[in-house]
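Notes follow the structure.
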Amino acid sequence: MQPQQNNPAQSSPSPPFPNLGNVITTDDVSQKGTGSYKADYVNWCRVAHLLHDHAPGWQFHLAHYVDGGHAWKAPNGTGYVVGYFTGPNGERTPDFPQAVMDNRNNPVAYEKVTARDLTDTHRRALAACSAFTFGLAWQLWAREEVENPHRDSAPAEKAKPAAKVEGVADDDQPLSKNDRELCLGLVKELEPDGLARFCEDFRRDFNLAAGAKVAPALTSVKHQNW
């Protein structure tokens, strides 16, 4: 009896984790900000949808801290979370730490982490951990071109910047209509707690009266940069 020969195609091991490096297209990408502050991102809901389609059975988790909660305490007293995925066959991916940050990307003290901070960080960690573990949307982190499924025959016309005012410093130059609308649109996307913090910080930094409306005051380049 001749020994049974192994089929190389059957015996080669499959990759431990899905490779989703080429999944996203420009249809999945949204933008925030403008100019040098413009950032491409994939909404966390879209990330979850892509995972359902291309990595079925893989679930995202936040590891529990020693006291049973999801927020972890760093040596300097700030907070962070630890995310990971489990697979359909019992796989577990490496831990992925993600800082708890405020609306200006500053770390939040562990004792001041709110439920809202935690849920926002959970969504950020889902997106970042998907890129780290599966390569999903890695192009955005590396600033690489993303495949466009609907190629335009001609580039879109860029919006014209606002005309400069003579004798006015660069920071005090007025925003163009498009830039101002974009800034206001980003502010409107903030959740109530984040919006309240944003308005409070804006009033403090630009010497507005307590309770003053922020939207009418957001008019110049220094406000956009802030």
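Since the structure is predicted, the reported quantities are computational estimates derived from the model, not experimental observations. The first residue in the sequence is number 1, and the count goes up from there.
Atom OH of Tyr110 is separated from atom OH of Tyr65 by 6.0 Å, given to the nearest 0.5 angstrom. Separating the NE2 atom in His61 from the OG1 atom in Thr93 is a distance of 8.5 Å, to the nearest 0.5 Å. Taking CD of Glu111 as the start and OG1 of Thr78 as the end, the distance is 10.0 Å to the nearest 0.5 Å. Going from atom CZ of Arg123 over to atom CG of Asn43 covers 10.5 Å, rounded to the nearest 0.5 Å.
Formation of a donor-acceptor pair under 3.5 Å by the Arg92 side chain with backbone atoms of Tyr84 is not found in this model. Checked by atom type and distance alone, the side chain of Gln139 never pairs as donor or acceptor with a backbone atom of Asn22 at under 3.5 Å. Proximity of a side-chain donor or acceptor of Thr133 to a complementary backbone N or O of Ser130 within less than 3.5 Å is not detected.
Across Ala137 and Ile24, no two heavy atoms sit closer than the pair CA-CD1, 3.6 Å. The shortest non-hydrogen separation linking Trp72 to Ala63 is NE1-O, 3.2 Å. Nearest heavy atoms, Lys73 versus Tyr80: C-CE2, 3.7 Å. Gly79 and Val113 make their closest contact through CA-CG2, 4.5 Å (heavy atoms, listed as atom of the first residue, atom of the second, distance). For the residue pair Ala55 and Pro18, the shortest heavy atom distance occurs at CB-CG, 4.0 Å. Nearest heavy-atom pair across Ala128 and Gln98 is CB-OE1, 3.9 Å.
When each of Val100, Val81, Asp102 is tested with Asp117 by the rule side-chain contact (heavy atoms from CB on, under 4.5 Å), just one qualifies, namely Val100.
The cluster map of Ile, Leu, Val, Met, Phe, Trp and Tyr, joined by side-chain heavy atoms under 4.5 Å apart, puts Met101 and Val108 in different clusters. By the criterion of side-chain heavy atoms lying less than 4.5 angstrom apart, applied directly or through intervening Ile, Leu, Val, Met, Phe, Trp or Tyr residues, Leu118 is grouped together with Phe60 in one hydrophobic cluster. Using a 4.5 Å cut-off between side-chain heavy atoms of Ile, Leu, Val, Met, Phe, Trp and Tyr, with links allowed through other members, Phe132 and Leu62 fall into different hydrophobic clusters.
Counted within 6.0 Å of CD on Gln59, heavy atoms from surrounding residues, nucleotides or ligands total 12 or fewer; the atom is thus considered open.
Val42 has its side chain out of reach of Leu136: every pair of non-hydrogen atoms, C-beta onward, lies at least 4.5 Å apart. For the pair Leu175 and Val221, the minimum side-chain heavy-atom distance is below 4.5 Å. The shortest distance between side-chain heavy atoms of Leu50 and Leu20 does not fall below 4.5 Å. Side-chain contact between Pro88 and Trp58: present, with at least one pair of heavy atoms (C-beta onward) separated by less than 4.5 Å. Side chains of Leu51 and Phe134 form a contact here, defined as non-hydrogen atoms less than 4.5 Å apart.
Salt-bridge formation is detected for the pair Asp205/Arg104: a Lys NZ or Arg NE/NH1/NH2 atom is positioned less than 4.0 Å from an Asp or Glu carboxylate oxygen. By the 4.0 Å N-to-carboxylate-O rule, Asp201 lies close enough to Arg204 to be salt-bridged with it.
Ring to ring, Phe85 and Phe17 are not that close: their centroids are 6.0 angstrom or more apart.
Using modelled atom types, one finds a donor on one side chain and an acceptor on the other under 3.5 Å when comparing Ser220 with His223.
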